[in-house]
Enquirer: 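Got a structure for you, written out below as structure tokens; questions coming shortly.
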Amino acid sequence: MADARYDPQEIEPRWQEVWARERTWEVPNDPTAAGDSSYVLEMLPYPSGEPHIGHLKVYSVGDAIAHFHRRTGRRVLHPMGYDAFGLPAENHAIKTGRHPRESTDAAIVEFQRQFRRWGISIDWSREFGTHEPRVYRWTQWIFLELFKRGLAYQKEAAVNWDPVEETVLANEQVVDGRGERSGALVELRQLTQWFFAITRYADRLLADLDTIHWPEHVKTMQRNWIGRSQGAEVIFGCQSLGVDYPVFTTRPDTLFGATFFVMAPEHPDVLRLAAGTGNEGAVRDYVNRALAADTQERGDVLKPKTGVALGRTVTNPVNGEELPMYVADYVLMEYGTGAIMAVPAHDERDFAFAAAHGLEIRRVVEDPDGDGELPYTGDGPLTRCGPEFDGTPNREALPEIVAWLEREAKGRASVNYRLRDWLISRQRYWGTPIPIIHCPRCGAVPVPEDDLPVLLPDVADYKPRGRSPLAAAEDWVHVACPACGGPADRETDTMDTFVDSSWYFLRYCDAANDEAAWDQAAIDQWMPVDQYIGGVEHAILHLLYARFITKALADSGLLPAHVQEPFADLFTQGMILRDGEKMSKSRGNVVSPQTIVDRYGADTARAYILFIGPPDQDADWSDTGVEGVHRFLGRLWRMASELAAAAGGPDEPPPADHGGPDLELLRKAHWAIAKVTYDLDGRFSFNTAIAAVMELLGVASRLRDETSPGARRFATATAASLIFPFAPHLGAEAYHLLTGRRVWEEPWPVADPAMLERDTFELVCQINGKLRDRVEAPSSAGPDELEALCRAAPNIQARLDGQTLVKAIVVPGKLVNLVVR
RNA sequence: GCCCGGGUGGCGGAACGGCAUACGCGGCCGACUUAAAAUCGGCUGUCCGCAAGGGCAUGUGGGUUCGAGUCCCACCCCGGGCACCA
């Protein structure tokens, strides 16, 4: 055995085979089962090519948690599936002509193979891909449920068109005016599209953030995205045309400071207002230029404030003043009413516009301790607002002004959101067909539930040409209207793939159900997800949509009432970098999990990725760092196999003589148990947990020749048991070698408090807060005794000569600090 | 501009207001070996000193405290998010 080597390529398949044969990680739905249940879920992978290092990280984190939950007595649901619809497979199909189903299914096979090879403890009985008809049937069913309640609706609107992907995109998928995937500048197009009415849930999506345990920065991003603003809608009448224009403002307290009025170039009334005023030509030119500019250029905050006068006025309802009207591109049609009252003294944008166009700037809020500089956006007493309000602090006056507007029917309290309804139609092939039939007589008619799924037809040409490729499948498109039986056409758009991933976690609870999307009892047993794990890049898109769909389904009575949120706890992992940069093929710095697993085994790959640093932070991959973890696992294996081969069977009792090195080693083992348990219990501190097991093994190795085999056996088996969540094959192997038992069937070890206490400790002796000496002190010693021990310490004594002791700070069990002068 | 993170050895990182630098990497020295690999052991913040020992170090500057990487104030740098949202 002396030359035996740690051979993960032999060990790992052996245990994987046991887990597969015995279906170890399958967990049936059993409402009568004793004990707590736990639903541990990592964000489902998009199957393309093969898994990358980020997948290895997310499943290493999730699996460690799943194992820890199991061994601390919980029944754990830990399933796997694939977000199988989407653009990359389809773009690949356009290039090669190969059906997206083929490349997707091939990728899924590769993902399955690698996940098994990594030894992730997955309940494979619940596996599915969102592209399977048995699954997307229910995606369509959910669409129809939303349609019934008016939450799925069609409307014509200015939408984001990605000219490269040739499809519309949701607001959330446009970043800095560019398509999230393609990077192409998006264009605004006026189109009729399907939307989900997520804005109706804006308030609850905001409020319920307080009920979930998510990282604060993710909650903040969602709050910002929803962008709730409280204020008032105020009506400004244009008397010359006899039209009222409401505006939204968060500062009705500044109404008396309004000196002009601005409309967005897209506002439908702009040309009508300018007509016949002499400004018509200038307005027309301005509007045309504004509409032609791309969204990025238009959105530049630093761009000078441009605009032209409309040649008309509106009346300020609070004081009857006539305010000149302008059109300017800093006002957005899509927020509020597309028109604003401008208060240049107290708004930076209005100030910039007024300065550029020579307009009046009228201060109405005083700056209590300022230098009188404008614009001033802070609070203070009102001025120039008439006797009723002058001198009143603006925040107090605000509700009074709103109340006055309501009494006069010139306005009302109002709330606005940044959030827009979720545009879910895509003019693309590889997605869930929208189950609607358009009938010239009956309008948009839902496909009857019994006719679901609406199967995705095969087409010859996947390329979108400004319309969905499905439109070419004419046999499929032309159907009889379910309502009147007359000739009708199917909806040819497919759904955004984020719809699929907004409910997949519900399906895992009852994945084999062919009668319904799920049985409520199954949902009741598992939901909400106790621990969700994934990348922070989904902080808005997926995580907001999933919350919305969950709430919408709960409101329809399709989920138990207590399921208001999908993910009770969220952990966002950082990225794995190489040389400080993202891994990418173009940079040529990609580390493939396959290569690492081939060379070192899955346990090394998994343990290293958790050891590299705090998992919520980005971490730089290091080739030599992997070697270090591999060496450590090899040491653990070697110690276990040497002890197993040596005299003394697995049932040898723990050493009776708890003294000397044996005691030291046993104490270290219990310390490690306490440390790893603390680190895993909701803290995700995997790096320090693994370091603790390394320390335990280091002590066992250092005391190799002085300790009894029983003590070493206990220490090594403990190390195996503690490392199991991070390196399951080796943990199982080493534990089995030493005890003949299966570590995953063992309860998580519990530290013996008596073993964590010591008779003596090292007393830190300080003078004026500086460490000067250390002495051994009895744990039972009182403050006086500790102070005396400290003063007697050699390095302390020498320094006390000629000094006056002012006072002594004694922290029992830790230190004594002598304050001297 | 606003809102979050984060700045600690040569590197990744550790540290309930109480021994800064755990653990790992790298480096140096040694053991084993004919040799190498593998493995094992020791040293490794920095400066002064033969040594004992001491000075200085957690982005910068202040403060609170017996004691600050940790708390407070101001600032600098890096990363991320939001950004003409009225």
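Below, chains carry the letters A, B, ... as their sequence lines are ordered, and counting in each starts from 1. Note that the structure is a prediction, hence the values are computed from the model and not measured.
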Enquirer: Ring pair (Phe, Tyr, Trp, His ring centres under 6.0 Å), that's the test. Do A:Phe353 and A:Phe260 meet it? Break it down for me.
Expert: CA-CA 10 Å; A:Phe353 189 86; A:Phe260 56 102; 5.5 Å; yes
Enquirer: Output the single nucleotide from B:G12, B:C25, B:C3 whose closest atom is nearest the side chain of A:Ile612.
Expert: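 Looking only at heavy atoms from C-beta outward on A:Ile612, the closest nucleotide is B:G12.
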Enquirer: Calculate the interatomic distance between A:Glu216 atom CD and B:C82 atom P; express it in whole Å.
Expert: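 From A:Glu216 CD to B:C82 P: 17 Å.
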Enquirer: Mind checking the P distance from B:U46 to B:C28? Whole angstroms is fine.
Expert: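 Each nucleotide's P atom is 15 Å from the other's.
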Enquirer: So, is A:Arg635 near the phosphate of B:C40, with a side-chain N or O under 4.0 Å from OP1 or OP2?
Expert: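 Looking at the OP1 and OP2 atoms of B:C40, one of them is under 4.0 Å from a side-chain N or O of A:Arg635.
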Enquirer: Given the P atoms of B:G81 and B:G42, what is the spacing between them in whole Å?
Expert: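 The same atom, P, in both gives a distance of 46 Å.
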Enquirer: Distance criterion of 3.5 Å, no angle test: do you see the side chain of A:Asn224 paired donor-to-acceptor with the base of B:C82?
Expert: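 There is none.
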Enquirer: Measure from CZ on A:Phe761 to P on B:G18 and round the result to the nearest Å.
Expert: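 From A:Phe761 CZ to B:G18 P: 15 Å.
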Enquirer: Assign B:G61 to syn or anti; the rule is syn for a glycosidic angle within 90° of 0 and anti otherwise.
Expert: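 This nucleotide is in anti.
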Enquirer: Flag the pair A:Tyr245 / A:His267 as yes when their ring centroid distance falls below 6.0 Å, and as no otherwise.
Expert: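 Centroid separation for A:Tyr245 and A:His267: below 6.0 Å.
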Enquirer: How are the rings of A:Tyr6 and A:Trp637 set to each other: parallel, tilted or perpendicular (split at 30° and 60°)?
Expert: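 Rings of A:Tyr6 and A:Trp637: tilted, as their planes differ by 30° to 60°.
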Enquirer: Nearest whole angstrom, please: distance from the P of B:A86 to the CZ of A:Arg228.
Expert: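 Value for this atom pair: 12 Å.
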Enquirer: Find the distance A:Phe632:CZ to B:U39:P and express it as a whole number of Å.
Expert: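 Those two atoms, CZ and P, are 14 Å apart.
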Enquirer: Could you work out the separation of B:G54 and B:C66 based on their P atoms and round it to a whole Å?
Expert: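 Straight-line distance between the two P atoms is 24 Å.
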Enquirer: Report yes or no: is the cationic atom of A:Lys305 (NZ for Lys, CZ for Arg) closer than 6.0 Å to the six-membered ring centre of A:Tyr330, at no more than 45° off its axis?
Expert: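 Judged by the rule, A:Lys305 and A:Tyr330 form a cation-pi pair.
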Enquirer: Quick one: which of B:G54, B:A86, B:G26 gets closest to the side chain of A:Asp347?
Expert: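 The closest nucleotide is B:A86.
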Enquirer: Could you let me know what B:G61 is paired to, Watson-Crick or G-U wobble, both distances under 3.5 Å, or none if it's on its own?
Expert: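 With both distances under 3.5 Å, B:G61 matches B:C73.
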Enquirer: For A:Tyr678, does the six-membered ring have the charged nitrogen or CZ of A:Arg683 within the cation-pi criterion, i.e. under 6.0 angstrom from the centroid and within 45° of the normal?
Expert: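 So A:Arg683 does make the cation-pi contact.
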Enquirer: Any strand is fair game: report the nucleotide pairing with B:A38 by Watson-Crick or G-U wobble, both distances under 3.5 Å, or none.
Expert: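 Pairing partner, where one exists within any strand: none, as none qualifies.
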Enquirer: Any strand counts, and the cut-off is 3.5 Å on both contacts for Watson-Crick or G-U wobble. Which nucleotide pairs with B:A51?
Expert: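 Pair assignment: B:A51 / none.
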Enquirer: Look at the side-chain N and O atoms of A:Asn687 and state whether any lies under 4.0 Å from the OP1 or OP2 oxygen of B:G12.
Expert: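 It does not, given that no N or O in the side chain of A:Asn687 lies less than 4.0 Å from OP1 or OP2 of B:G12.
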Enquirer: Considering every strand shown, what is the Watson-Crick or G-U wobble mate of B:G45 when both distances are under 3.5 Å?
Expert: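 Check on B:G45: paired to B:C56, both distances under 3.5 Å.
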Enquirer: Could you measure between the two P atoms, the one in B:U60 and the one in B:C56, and give it in whole Å?
Expert: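 About 15 Å, rounded to a whole number of Å.
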Enquirer: Identify the nucleotide, in any strand shown, that forms a Watson-Crick or G-U wobble pair with B:C82, with both distances under 3.5 Å; if there is none, say none.
Expert: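 Paired with B:G1.
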Enquirer: Does B:C40 have OP1 or OP2 under 4.0 Å away from a side-chain N or O of A:Arg702?
Expert: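 False: A:Arg702 side-chain N/O out of range (4.0 Å or more) of B:C40 OP1/OP2.
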Enquirer: Check the pair A:Phe236 / A:Phe261 against ring pair (Phe, Tyr, Trp, His ring centres under 6.0 Å), numbers first and verdict last.
Expert: CA-CA 9 Å; A:Phe236 286 72; A:Phe261 188 94; 5.3 Å; yes
Enquirer: With nearest nucleotide decided by heavy atoms, which residue, A:Arg772 or A:Pro304, maps closer to the 5′ end of RNA chain B?
Expert: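 First, find each residue's nearest nucleotide; the 5'-ward one identifies A:Arg772.
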Enquirer: Between B:U70 and B:G59, how far apart are the C1' atoms? Round to whole Å, please.
Expert: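 That atom pair is separated by 15 Å.
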Enquirer: By nearest nucleotide on RNA chain B, pick out whichever of A:Glu627 and A:Lys807 is the more 5' one.
Expert: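 Counting from the 5' end, the first nearest nucleotide belongs to A:Glu627.
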Enquirer: Distance check, C1' atoms only: B:G18 and B:C75, in whole angstrom units.
Expert: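 29 Å, rounded to whole Å.
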Enquirer: State the pairing partner of B:G10; accept Watson-Crick or G-U wobble contacts with both distances under 3.5 Å, and report none otherwise.
Expert: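 Because both required distances fall under 3.5 Å, B:G10 counts as paired with B:C25.
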Enquirer: Just compare B:A83, B:C66, B:G12 and give me whichever is closest to any side-chain atom of A:Arg418.
Expert: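 When the side chain of A:Arg418 is considered, B:A83 is the closest of B:A83, B:C66, B:G12.
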